[in-house]
Amino acid sequence: MAKETEDKITMKKGLLIAILTTLACMVRADGVKNIDDYCRQIDEAIEHSGDYVAAHEKKISEVRRALSMENKARARYERNYQLYELYRPFVSDSAMYFLGQCIALADGLGDASASVKCRSQLAIRCSNIGMYDEALDILDSIRPVGIDSLSLGIYYEAYDNVYSELAYYTRLDHMKNMYQRKADHYKQLMLETLPATYETCFLRREQQAQGEGKLDEAMRINDQWLKTVEPGSHPYAMVALYRYIEYKLQGDREQMMYWLVESVLADIRNAAMDQGSMWEMANELMLNGDIDKASSYIAFTSDCANRYGSRQRNWQIAPLLTHIAKNYKSASEKTTTQLRLTLVAISLLLLLLLGVLFFLHRRNRQLDTARMALKGKNDELASANSQLAEQTEELSTLNSQLSTLNSQLSESNRVKEEYIGRFMSLCSQYIDKLDDYRKLVNKKMKNKELEDLFRMSKSTELKEKELEELYQNFDSVFLHLFPNFVNDFNALLQPDLQVHPKEDNRLTTEIRIFALIRLGIEDSSKIAEFLHYSVNTIYNYRARIKNGALDNRESFERRIKQLGNIQ
């Protein structure tokens with residue numbers, strides 16, 4: 001009956017694994033899933049990580065409550081070991097504390113197998129957080145005599161674990177070789193002693209196949225391992241992580257990212273503080289150029305590692321944090337270079353403006369000379385009118401034309417003077433703002449506020465604010481020059497199509513377009529450039545307003561250019 005139940009559970013797990021594999025293939029068939037979709041899943045899980053931690057702590061509290069009610073030593077041992085299992089991926093110190101309680105109870109019960117198993121687990125916990133001397137001291141104190149095969153296999157596993165860690169982290173070649181030989185020795189003993197379906201046996205056999213370049217065999221081992229775990233569980237996170245490594249070695253980016261995200265989500269949702277997959281995800285994002293998201297994830301996993309109490313994880317995370325800091329520095333230097341180039345461009349524009357002002361001043365002097373000449377001509381014509389009565393009408397017409405021309409010249413000169421003065425003021429203000437911005441950037445770089453600086457450089461708020469100020473200045477100057485323009489403009493339109501600004505001293509986009517036409521700027525591309533719209537949008541605005549004209553739409557813009565008198 002037990003065998004039949006076990007077979008049913010195995011079939012259900014196999015079916016679930018097949019469904020997951022099919023889904024992974026569907027993702028692959030549809031192309032690479034957008035990395036942003038993966039990040040949204042992870043961000044949502046991180047947002048609810050507090051809930052997952054609270055749920056895990058609730059389980060711990062329930063077992064602690066049950067422990068306080070137990071009187072028998074064997075039952076207390078089982079409860080303490082249950083608490084160790086709950087704390088194992090959660091808080092290292094607490095996990096080691098309850099293992100100590102288990103060791104004391106096992107010794108009191110005279111259970112040599114349980115005592116060796118718990119001491120071996122304690123040595124594994126020590127080596128996993130970088131306490132290698134302590135782990136070896138614990139193992140050297142064990143006498144594995146008269147114990148069951150499971151406890152003996154875990155004892156070998158503990159030796160394999162600590163020597164593998166030492167071989168990986170030492171920088172001395174002769175020590176690395178010695179540690180690796182010892183790790184291989186104990187690994188072989190472990191594989192001969194523990195069941196083939198034991199988690200560490202799967203792990204070591206898969207690692208060995210990877211090291212020998214037998215990727216097909218490594219994947220076959222991972223497939224077998226995957227069938228023994230519950231999808232979404234904490235053991236599932238480890239299997240998914242090594243499945244990510246398998247696909248990474250094969251160069252299959254679609255599948256590798258899918259399984260890496262599966263591992264990350266399983267870790268977060270099971271409130272695991274000892275995470276290996278999250279910093280792998282941060283590294284992948286950094287290589288993909290998403291420094292902000294990588295920094296956010298590495299900060300999250302660093303907080304988890306600190307809560308867990310793992311020096312080893314902090315050692316692994318430190319190089320990635322250094323690399324992210326270098327990328328931020330590079331981005332900051334690039335921003336500084338862009339600011340310098342902008343200042344150079346502004347300086348060149350200022351020189352150009354001075355040249356334009358000189359040219360306008362010269363033209364104004366020429367206009368003054370022309371006015372004096374015109375005045376002299378008018379005087380001559382007036383004298384000629386008194387002498388030649390028959391030419392009075394002709395001379396009067398000529399005088400009227402000259403007067404109109406003079407008025408237009410005065411109007412043009414006044415518009416230019418008004419806008420050039422305002423433009424000079426805006427340029428001066430903008431240079432001051434750029435200098436203030438340079439000082440702010442310099443201050444933040446000096447204070448190493450790189451994240452604030454990067455966020456400032458990404459924001460478009462400054463551009464939007466400056467555009468709004470530009471339009472406000474344009475509206476103010478234009479209405480100062482042509483105070484009756486809005487009323488005169490609406491008088492040319494049908495009543496139901498008239499345009500009225502919502503604020504005083506402000507123009508709507510439609511009125512602003514025809515204000516530019518009134519100033520002589522008729523080219524839609526130039527109007528679009530000034531107002532930051534597409535040429536097509538400007539064309540549509542002009543066509544819609546002209547369609548609402550009271551009279552002939554073809555002459556509408558000509559009449560617009562005749563509206564208003566300069567005040």
Side-chain angles (χ1 to χ4, degrees), residues 340-382 398-438 466-485 488 505-507 511-532 557-558 560-567:
R340 288 174 179 169
L341 291 173
T342 302
L343 286 173
V344 171
I346 291 297
S347 300
L348 292 174
L349 286 173
L350 184 59
L351 291 174
L352 179 62
L353 177 62
L354 290 174
V356 170
L357 288 174
F358 176 77
F359 173 76
L360 290 175
H361 178 69
R362 185 176 177 183
R363 294 290 292 176
N364 285 337
R365 291 183 62 183
Q366 292 174 349
L367 288 171
D368 288 339
T369 303
R371 288 194 193 97
M372 293 299 295
L374 286 171
K375 188 175 183 299
K377 290 292 183 182
N378 285 334
D379 292 341
E380 292 176 5
L381 288 171
L398 179 60
N399 189 49
S400 175
Q401 292 175 347
L402 290 172
S403 178
T404 300
L405 177 61
N406 190 45
S407 175
Q408 290 175 347
L409 289 171
S410 297
E411 176 182 321
S412 175
N413 188 45
R414 176 66 184 278
V415 169
K416 289 176 182 176
E417 288 178 353
E418 188 74 23
Y419 274 95
I420 287 169
R422 186 61 64 96
F423 181 65
M424 284 290 291
S425 175
L426 286 176
C427 284
S428 177
Q429 293 174 18
Y430 190 57
I431 290 171
D432 290 341
K433 289 179 181 178
L434 281 175
D435 191 55
D436 291 341
Y437 194 78
R438 177 190 63 78
E466 293 301 325
L467 282 175
E468 178 60 23
E469 185 174 344
L470 173 64
Y471 297 150
Q472 186 173 355
N473 273 282
F474 174 80
D475 295 348
S476 176
V477 174
F478 184 83
L479 290 174
H480 176 68
L481 292 170
F482 304 95
N484 299 319
F485 181 83
D488 294 343
N505 294 323
R506 294 306 303 270
L507 302 176
I511 299 178
R512 200 173 287 135
I513 290 169
F514 286 91
L516 289 170
I517 292 173
R518 174 62 182 86
L519 294 176
I521 302 173
E522 301 181 55
D523 189 348
S524 291
S525 62
K526 292 182 179 179
I527 296 174
E529 182 179 359
F530 178 77
L531 297 180
H532 289 262
E557 291 188 359
R558 178 175 55 77
I560 286 292
K561 289 187 284 187
Q562 297 172 353
L563 291 181
N565 294 314
I566 289 184
Q567 299 297 311

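If you're wondering where the values come from, they're calculated on a predicted model, not measured in any experiment. These values consider heavy atoms only, across backbone and side chains, with no hydrogens, waters or symmetry-generated copies.
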Check: Which residues satisfy the side-chain hydrogen bond (donor to acceptor under 3.5 Å, both in side chains) test with E557, sequence neighbours excluded?
Finding: R542
Item checked: Gap between atom CG of L470 and atom CG of D475 - 0.5 Å precision -> 9.5 Å
Next item on the list: Using the test salt bridge (charged side-chain N to carboxylate O under 4.0 Å, His left out), find all partners of K375 that sit at least two apart in sequence or belong to another chain.
Entry: D379
Next item on the list: Report yes if the side chains of L481 and V477 come closer than 4.5 Å at any heavy-atom pair, otherwise no.
Entry: yes
Next item on the list: Output all residues satisfying side chain to side chain contact (heavy atoms under 4.5 Å, CB included) with I521, sequence neighbours left out; order by chain, then residue number.
Entry: L516, K526, I527
Checklist line | Distance (rounded to the nearest 0.5 Å) between N505 CG and Q472 CD | finding: 9.0 Å
Next item on the list: Please round to the nearest 0.5 Å and tell me the distance separating atom CZ of F530 and atom CD1 of I513.
Entry: 11.5 Å
Check: Is there side-chain contact between F474 and L519, with heavy atoms separated by less than 4.5 Å?
Finding: yes
Item checked: Nearest-0.5 Å distance that lies between atom CD1 in I517 and atom CG in L563 -> 11.0 Å
Next item on the list: To the nearest 0.5 Å, tell me how far L348 CG sits from L353 CG.
Entry: 12.5 Å
Next item on the list: Verify, without hydrogens or angle tests, whether Y471 (side chain) and L531 (backbone) share a donor-acceptor contact under 3.5 angstrom.
Entry: yes
Next item on the list: Applying side-chain hydrogen bond (donor to acceptor under 3.5 Å, both in side chains), name anything that partners S525, two or more places apart in sequence or on another chain.
Entry: D523
Next item on the list: Any chance you could measure R518, atom CZ, to D488, atom CG, to the nearest 0.5 Å?
Entry: 10.0 Å
Notebook entry, point to check: Taking only residues at least two apart or on different chains, which pairs with a member in residues 357-366 satisfy salt bridge (charged side-chain N to carboxylate O under 4.0 Å, His left out)?
Noted result: none
Checklist line | Side-chain heavy-atom pair F514, L507 within 4.5 angstrom cut-off | finding: no
Item checked: Heavy-atom closest contact (R512 atom, R506 atom, distance) -> NH2-NH2, 3.8 Å
